[in-house]
Amino acid sequence: MKTTGYGTHPEHIAALLAAAGEAAIVLTYAEDRAFADVSLNRFASVNSTRLDWQGVEVLERSDDFDEDGLRDLVRRYGGEAELVVVFWGNHAVPSVALEAGVVAAHAEMVVGSCYECWLYFTDSRLLIEFQDGEGFVAAKVPG
């Protein structure tokens, strides 16, 4: 199976993985694609990496683009033990699965690891998009 370079640069999230320890699950390419199919791939895109929010239930838009903004959103929308899959803008960085409480505790490492990422809350079917310098959007994943 060709993985198009997926996961070849985990060093970009080394600090997050070290801080989270055994609570972090690095996803295989197949796992990444399976989670993307039920989350990211349900949205149209704008300019290839930004999601198109038209026609979906947007819960919140925030101009914050720092760890405090992410921490607040994660705590507001995710249960402490809810599984959250973090997709990075660079496909060479492997996606990870963490409990929402771990994401909140290490929010600075999430936003500090990338210019853009998406967090999929598996139980509540919520997606948060982060674009550095622009903020966050939280929305329900379309059925």
Side-chain angles (χ1 to χ4, degrees), residues 3-54 56-143:
T3 61
T4 63
Y6 171 80
T8 56
H9 292 285
E11 67 274 9
H12 293 287
I13 56 169
L16 175 62
L17 295 176
E22 292 182 13
I25 301 167
V26 177
L27 301 183
T28 66
Y29 180 74
E31 292 166 332
D32 170 86
R33 296 295 78 206
F35 278 114
D37 283 344
V38 297
S39 61
L40 288 174
N41 295 349
R42 304 266 175 137
F43 293 87
S45 63
V46 177
N47 297 331
S48 79
T49 62
R50 297 181 198 298
L51 298 181
D52 184 353
W53 301 106
Q54 290 189 346
V56 301
E57 184 183 351
V58 173
L59 303 173
E60 186 171 345
R61 293 179 189 270
S62 171
D63 291 334
D64 294 332
F65 53 92
D66 61 8
E67 63 269 13
D68 292 332
L70 177 59
R71 188 175 292 110
D72 290 345
L73 286 172
V74 169
R75 288 183 175 151
R76 187 164 31 260
Y77 293 109
E80 187 79 11
E82 183 171 2
L83 185 68
V84 176
V85 175
V86 182
F87 301 96
W88 311 101
N90 181 347
H91 204 59
V93 180
S95 296
V96 295
L98 305 157
E99 289 182 349
V102 176
V103 174
H106 301 294
E108 73 283 354
M109 292 179 193
V110 173
V111 297
S113 297
C114 61
Y115 295 109
E116 58 191 6
C117 66
W118 299 265
L119 294 87
Y120 172 56
F121 294 70
T122 60
D123 293 339
S124 56
R125 297 190 35 78
L126 173 88
L127 190 76
I128 295 175
E129 179 179 61
F130 166 67
Q131 296 285 338
D132 191 24
E134 296 181 27
F136 298 98
V137 177
K140 294 298 270 181
V141 174

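Every heavy atom of this structure was used, including side-chain atoms; hydrogens, water molecules and symmetry mates were not. These figures come from a predicted structure and were not determined experimentally.
Without hydrogens or angle criteria, R50 side chain to S45 main chain gives no donor-acceptor distance under 3.5 Å. At distances below 3.5 Å, not a single donor-acceptor pair connects side-chain atoms of S113 with backbone N or O atoms of I13. Side-chain atoms of R61 never come within 3.5 Å of backbone atoms of V137 as a donor-acceptor pair (strictly under, hydrogens ignored). Listed for the Y6 side chain is a donor-acceptor partner under 3.5 Å among the backbone atoms of S95. The main-chain N or O of K140 is never found under 3.5 Å from a side-chain atom of R125 such that the two would form a donor-acceptor pair.
Rounding to the nearest 0.5 Å gives a distance of 11.0 Å between CG of L73 and CG of D68. The line from CG of L98 to CG of L17 is 8.0 Å long, rounded to the nearest 0.5 Å. E60 CD to D72 CG: the interatomic distance, rounded to the nearest 0.5 Å, is 8.5 Å. Atom-to-atom distance recorded for N41:CG and R33:CZ is 5.5 Å, nearest 0.5 angstrom. In this structure, the separation between OH on Y29 and NE2 on H91 is 5.0 Å, given to the nearest 0.5 Å. With rounding to the nearest 0.5 angstrom, the CD atom of E116 is 9.5 Å from the CD atom of E134.
Between G69 and D64, the closest heavy-atom pair is CA-CB, 3.9 Å. Of all the heavy atoms in V38 and V141, the pair that sits closest is O-CG1, 3.5 Å. The two residues E67 and V111 have their closest heavy-atom pair at N-CG2, 3.7 Å. Nearest heavy-atom pair, C114 versus V110, reported as atom, atom and distance to 0.1 Å: SG-O, 3.5 Å. When all heavy atoms are compared, the tightest approach of G135 to F65 is N-CB, 3.7 Å. Taking each heavy atom of V26 and E31 in turn, the nearest pair found is O-OE1, 4.2 Å.
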Check the pair N90 / Y115 against side-chain contact (heavy atoms from CB on, under 4.5 Å), numbers first and verdict last.
CA-CA 9 Å; N90 181 347; Y115 295 109; over 6 Å; no

May I have the step-by-step check of side-chain contact (heavy atoms from CB on, under 4.5 Å) for L119 and L70, ending in yes or no?
CA-CA 10 Å; L119 294 87; L70 177 59; 4.1 Å; yes

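For residues 86-99, no residue pair satisfies the salt bridge (charged side-chain N to carboxylate O under 4.0 Å, His left out) rule, not counting sequence neighbours. The stretch residues 116-138 participates, sequence neighbours left out, in these ring-ring contact (aromatic ring centres under 6.0 Å, His included) pairs: F130-F136.
Within a 6.0 Å sphere centred on CD of E11, heavy atoms belonging to other residues, nucleotides or ligands number more than 12. No more than 12 heavy-atom neighbours from other residues, nucleotides or ligands sit within 6.0 angstrom of CG on D63.
Looking at V85, D32, L51 one by one, the single match for side-chain contact (heavy atoms from CB on, under 4.5 Å) with L40 turns out to be L51.
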